[in-house]
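All values below were derived from every heavy atom in this structure, side-chain atoms included, with hydrogens, water molecules and symmetry-related copies excluded.
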Amino acid sequence: MLVGTAVDWREGLDAGDLSSLALVRASLDRMKRLEGRLHAILAMGEDRSLQLATQADARLRAGERSPVLGLPIVLKDNLHWSGLQVSCGSRILDGYRAPYNATVVQRLLAAGAVPVAKANMDEFAMGSSGEYSAFGPARNPWDTARVPGGSSSGSVVAVSAGYTPLALGSDTGGSVRLPASFCNVTALRPTYGVLSRYGLTAMASSLDQVGPIATSAADIALAFGVMAGLDPMDSTSADLPRADCLAPLRPKNLKGLRIGLPVEYFGDGLESGVRSLLETALQVFADQGAEIREVSLPHTRYAIDTYYLLCTSEVSSNLSRFDGVRYGRRGEGVDLPEMIAETRNQGLGAEVKRRILLGAFCLSKGYYDAFYIKALKARTLIARDFDKVFESVDLLATPVSPGVAFPFGAKTDDPLAMYLADAFTVTAPLAGIPCLSMPAGFTTGLPVGIQLIGPAFSDVMLLETAHAFQSLTRHHLETPPLSA
Ligand code: GLN
């Protein structure tokens with residue numbers, strides 16, 4: 001069995017000790033062996049992947065070098081890879097195939113990466129556990145009776161279970177970081193705009209970002225550098241400073257690094273096992289000379305309400321395009337309104353419907369000022385808290401989630417309990433700033449992540465800091481107990 005980090009595989013490919021074809025075959029084999037248990041994958045493009053791997057090998061033999069050339073990668077099923085399905089985890093897109101490549105996918109393909117599969121996800125990226133997928137949930141490789149976290153459940157499971165060393169997810173309010181924490185992998189949510197959203201099916205456009213997922217920060221850097229940068233197809237796209245420092249990534253010197261611990265994230269709700277692992281992780285930074293101090297982000301308490309008002313408002317608008325006319329499946333009806341209603345009634349799941357209703361309500365005449373406009377104001381206050389705190393610290397360290405992966409069904413009857421799982425992950429997206437989740441150890445046999453949050457465009461610094469931590473620890477190299 002071939003198991004390794006992307007950096008290991010990169011070296012093997014460049015040295016001629018490995019071939020892309022062998023790696024891609026190994027990925028596909030492992031996927032087929034474990035899928036019955038994990039259900040991380042919704043579609044494969046096997047023939048095409050093998051063809052791309054053969055092309056990558058030819059480019060390698062011709063002496064070409066690129067950070068991702070020949071590496072297999074899994075894509076969340078809301079990213080367009082031309083010719084393959086884009087289900088977004090929903091029945092409403094039955095039969096819809098991507099007519100073009102998302103910019104991030106196009107850039108990966110141009111650099112020689114080999115997509116191998118489309119990953120399971122919560123329907124339209126709405127959810128925190130993976131349980132809202134219309135095709136049944138992915139399972140956590142560390143304990144298959146527990147959720148892997150969502151919404152990028154399949155992408156994270158693919159990396160955690162060793163299908164591929166790299167995957168792409170999307171993060172609107174935590175969807176790569178929460179599952180990364182639950183499954184012991186590393187995931188970055190970049191500064192808003194740094195990765196193009198062109199070809200990422202929109203959930204809440206002012207919050208959506210593509211998020212790379214891998215075993216380590218150094219692995220993420222390989223793919224991130226290839227994908228980042230201005231895209232004329234996305235009017236909110238922005239350039240990434242210091243992109244040239246991503247491959248190979250160097251660990252940051254931690255001496256004198258000022259790390260803030262926001263008191264609002266370390267309250268009573270935090271499970272004791274999580275708290276003590278975070279303390280141990282912070283000690284690693286302190287031992288290297290980092291200065292750790294408490295800070296406050298006073299508007300954190302409004303973050304969940306703000307996020308769920310803005311997110312649902314944007315959802316209600318973005319998802320109106322799924323009407324049975326343009327994409328995917330079509331319901332029966334005697335006239336157009338009835339056909340549209342029937343299409344949406346059959347095609348969309350309960351959580352998606354709940355959000356469309358809530359969002360339409362927030363945006364409706366008479367409530368717009370009271371809810372939507374007020375939430376926008378709260379968003380500004382939350383962003384200002386971060387601006388202020390970054391005057392005195394370089395980055396923040398927080399929990400990703402108050403607890404470990406929960407059992408299936410624990411929160412599905414109570415949408416509010418599910419929303420509260422996002423308490424620590426929705427704040428940074430509201431401010432548009434970068435953040436990552438990386439492994440910090442285990443409690444009761446289950447992984448726990450630590451989150452780093454930095455000011456806008458500090459993405460490379462965050463990865464360098466994570467790389468320094470991962471050079472000193474081994475949590476990220478632990479693999480789940482899967483016999484195969
Ligand atoms: N769990 C959050 C939600 O349900 C975040 C989802 C996401 O980041 N896509 O909205």
Of all the heavy-atom pairs spanning [X] and [Y], show the shortest one and how long it is.
X	Y	result
Tyr302	Thr306	O-OG1, 2.6 Å
Val157	Pro141	CG1-CG, 3.9 Å
Met126	Leu319	CE-CD2, 3.8 Å

Has [X] got a side-chain atom pairing as donor or acceptor with [Y]'s backbone, closer than 3.5 angstrom?
X	Y	value
Ser82	Asn101	no
Thr312	Leu309	yes
Thr172	Leu207	no
Arg91	Ala134	yes
Asn318	Met203	yes
Ser153	Ala138	no
Asp171	Gly174	yes
Glu314	Ser205	yes

Excluding sequence neighbours, so at least two apart, what forms ring-ring contact (aromatic ring centres under 6.0 Å, His included) with [X]?
X	result
Phe285	Phe469
Phe386	none
Tyr419	Tyr308

Handout entry: N-O pairing of Glu279 and Arg275 below 4.0 Å
Key =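 Not counted as a salt bridge, because no side-chain N and carboxylate O are separated by less than 4.0 Å.
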
Just checking [X]: does its [atom1] atom have more than 12 heavy atoms from other residues, nucleotides or ligands closer to it than 6.0 angstrom?
X	atom1	value
Arg326	CZ	yes
Arg384	CZ	no
Tyr265	OH	yes

Handout entry: Inter- and intrachain pairs under side chain to side chain donor-acceptor pair (under 3.5 Å), touching residues 369-379, at least two apart
Key =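 Sorted result for residues 369-379: Ser206-Arg379.
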
Problem - Any side-chain donor near an acceptor of the partner, Lys76 and Ser170, under 3.5 Å - result: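 Yes, side-chain donor-acceptor contact under 3.5 Å.
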
Practice task
Using distance alone, with no hydrogens and no angle criterion, decide if Thr443 and Glu271 have a side-chain donor and acceptor under 3.5 Å apart.
Solution key: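 Checked: Thr443/Glu271 side chains show no N/O donor-acceptor pair below 3.5 Å.
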
Handout entry: Within-4.5 Å side-chain heavy-atom neighbours: Ile304 and Asp422
Key =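 Ile304 reaches Asp422 side chain to side chain.
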
Exercise for the section: Using a 4.5 Å cut-off on heavy atoms from C-beta on, say whether the side chain of Ile356 contacts that of Val315. Expected result: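 Yes - at least one pair of side-chain heavy atoms lies under 4.5 Å apart.
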
Tabulate below the donor-acceptor pairs under 3.5 Å that side-chain atoms of residues 446-462 make, not counting sequence neighbours, or state none.
{"residue": "Gln451", "atom": "OE1", "partner": "Arg177", "partner atom": "NH1", "Å": "2.7"}
{"residue": "Gln451", "atom": "NE2", "partner": "Thr398", "partner atom": "OG1", "Å": "2.9"}
{"residue": "Gln451", "atom": "NE2", "partner": "Phe424", "partner atom": "O", "Å": "2.9"}
{"residue": "Ser458", "atom": "OG", "partner": "Pro455", "partner atom": "O", "Å": "2.7"}
{"residue": "Asp459", "atom": "OD1", "partner": "Thr191", "partner atom": "OG1", "Å": "2.6"}
{"residue": "Asp459", "atom": "OD2", "partner": "Thr191", "partner atom": "N", "Å": "2.8"}
{"residue": "Asp459", "atom": "OD2", "partner": "Thr191", "partner atom": "OG1", "Å": "3.4"}

Exercise for the section: Sorted by first residue and then second, give each ring pair (Phe, Tyr, Trp, His ring centres under 6.0 Å) pair with at least one member in residues 189-208; sequence neighbours left out. Expected result: Tyr100-Tyr198

Practice task
Step by step, work out the side chain to side chain donor-acceptor pair (under 3.5 Å) result for Thr427 and Glu264.
Solution key: CA-CA 11 Å; Thr427 48; Glu264 292 79 6; over 6 Å; no

